[in-house]
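Convention: sequence-line order gives letters A, B, ...; per-chain numbering from 1. Every heavy atom of this structure was used, including side-chain atoms; hydrogens, water molecules and symmetry mates were not.
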There are 2 protein chains.
Amino acid sequence: MSPEPLSRPRIVAAAIELIEREGADAVSMRRIAGELGVGVMSLYNHVPNKAALLDAVAETVLSEIEFADDPDAEWTERVRIQARAFRQIAHHYPRCTMVVVSRQLQSAAGLLPVERALATLRSAGFGGEEAVRILRTFIAYIVGSLLREVGVTPTFAPVHHSQAEIGKVDPVLFPETSSLAAELGACDHEAEFEFGLELLIRAIAVERGRHG
Amino acid sequence: MSPEPLSRPRIVAAAIELIEREGADAVSMRRIAGELGVGVMSLYNHVPNKAALLDAVAETVLSEIEFADDPDAEWTERVRIQARAFRQIAHHYPRCTMVVVSRQLQSAAGLLPVERALATLRSAGFGGEEAVRILRTFIAYIVGSLLREVGVTPTFAPVHHSQAEIGKVDPVLFPETSSLAAELGACDHEAEFEFGLELLIRAIAVERGRHG
DNA sequence: ATTGACGCACGTACACCGTACGTGCCACGC
DNA sequence: GCGTGGCACGTACGGTGTACGTGCGTCAAT
């Protein structure tokens with residue numbers, strides 16, 4: 001079937017493709033082996049186990065985000081760009097997003113965005129402790145936004161049917177929720193993301209103005 | 001073993017206890033049945049399947065968060081309190097947090113916090129669309145924070161060993177990361193959470209002052 | 001050229017998983 | 001007294017991750 005030799009990158013690529021095509025639940029070692037036209041146990045010559053394979057998936061996805069950093073730009077613009085770069089994950093690999101977010105990796109791929117962000121913040125004049133704090137705040141916001149965007153978090157990212165679903169809430173028990181059904185049922189993820197991002201950036205800008 | 005009759009709440013409680021004791025991966029229908037001293041298939045008389053059981057777990061955990069809302073307080077304080085209430089989850093049910101966050105539920109338990117938050121924001125004078133936007137921003141931040149807190153997100157919530165781990169990063173490839181190893185290795189989750197929360201609340205307060 | 005070792009694809013086997021289905025008990029309404 | 005329905009339970013099937021053994025191809029040293 002495939003003349004090229006089995007290899008770790010080929011296995012990871014097959015896993016990513018499978019996740020995007022059929023969802024993370026569909027991933028099994030047998031399934032991946034099938035995709036590659038290969039025996040199941042052959043995979044274990046290149047990957048120690050399934051958990052490590054999923055880590056590799058996360059790492060690969062993470063390493064593919066494209067940073068277009070301009071060191072001469074305002075730090076606010078640089079932060080914006082880095083945050084948006086992260087959000088690309090949800091676009092390029094929507095079904096992998098949960099995998100990426102739900103495993104913690106201490107590999108280089110996971111560290112590089114951290115390094116960039118810290119460098120940006122430090123060069124903007126923030127202290128070390130401050131930079132770490134700000135970074136953590138942004139990551140929390142970004143991770144939470146991605147989860148909503150890929151439809152995993154309970155706040156009405158319309159999974160394409162919720163328009164109908166949402167009308168069902170009892171208007172006397174949940175007056176606000178039901179009167180805002182239209183707004184809750186629709187979600188322009190990009191606008192939503194930008195809104196919170198801008199909010200955070202502005203808040204941090206005034207923070208910096210106050211004591212530094 | 002247990003004279004009390006099997007029931008859905010007893011099953012859910014056993015599942016929660018098991019998750020907290022051994023982690024979400026340890027959950028299996030057989031395992032839960034074992035905990036209850038009961039045959040596996042008996043569970044299916046009360047719960048349609050495992051996914052529904054996990055939904056029930058999420059719903060139960062969510063329904064146990066305690067809101068101490070004071071309708072007379074400033075909206076900023078009310079938002080603070082509601083956000084902190086959510087964070088209780090990570091304290092009371094740390095290992096369940098991922099389960100809660102990773103399933104979207106449209107049940108009453110999931111809707112009640114939404115309703116409360118919307119009511120608070122509307123009564124503070126925000127428009128409908130605005131309120132929904134702000135709510136989504138807060139939820140993104142809170143969810144992201146919880147994930148970091150329960151040690152699932154790749155930004156160095158010290159899993160209790162990372163102090164050692166973190167020293168390992170190459171100082172020439174990752175100068176900032178390695179020079180800030182101490183700050184990255186430690187994390188006062190409460191302070192961290194409060195920092196971002198305050199940032200968001202202040203930002204929204206000025207937002208409101210500007211056009212409404 | 002022969003042999004040895006090693007890398008790697010693969011099959012088999014095992015323990016565990018979710019759950020469809022059938023069986024039997026027991027407590028209730030008629 | 002008798003049906004009936006709810007519920008606990010056992011068995012069984014198709015799926016999972018992976019430990020282990022086997023055999024083949026290639027390359028190194030003799």
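- Counting to the nearest Å, the C1' atom of dT19(C) and the CE atom of Met29(B) are 8 Å from each other.
- Put simply, CZ on Arg10(A) is 10 Å from P on dA9(C), counting in whole angstrom units.
- Place Arg30(B) and Ser7(B) on DNA chain D by their nearest nucleotides, and Ser7(B) ends up nearer the 5' end.
- Contact check on Arg31(B) versus Glu35(B) returns a salt bridge, with a Lys/Arg side-chain nitrogen under 4.0 Å from an Asp/Glu carboxylate oxygen.
- Atom CG of Asp25(B) and atom C1' of dT16(D) are 14 Å apart (whole Å).
- Put simply, CZ on Arg31(B) is 11 Å from P on dG18(C), counting in whole angstrom units.
- Listed in residue order, the members of residues 39-47 of chain B having a heavy atom less than 4.0 Å from DNA chain D are Gly39(B), Met41(B), Ser42(B), Asn45(B), His46(B).
- The distance between atom NZ of Lys50(A) and atom P of dG17(D), rounded to the nearest whole Å, is 4 Å.
- dG17(D) atom P lies 11 Å from atom CG of Asn49(A), rounded to whole Å.
- Atom CG of Leu54(A) is separated from atom C1' of dT18(D) by 15 Å (rounded to the nearest Å).
- Classification of the Phe193(B)-Tyr141(B) ring pair by plane angle, with boundaries at 30° and 60°, yields parallel.
- Side-chain contact check for Glu64(A) and Tyr93(A): at least one donor-acceptor pair (N or O, by modelled atom type) lies under 3.5 Å.
- Salt-bridge formation is detected for the pair Arg84(A)/Glu194(A): a Lys NZ or Arg NE/NH1/NH2 atom is positioned less than 4.0 Å from an Asp or Glu carboxylate oxygen.
- Straight-line distance from the CG atom of Leu36(A) to the P atom of dC8(C): 16 Å, rounded to whole Å.
- Not counting sequence neighbours, Asn49(A) has no partner by the side-chain hydrogen bond (donor to acceptor under 3.5 Å, both in side chains) test.
- Separation of the Phe86(A) and Phe138(A) ring centroids does not fall under the 6.0 Å cut-off.
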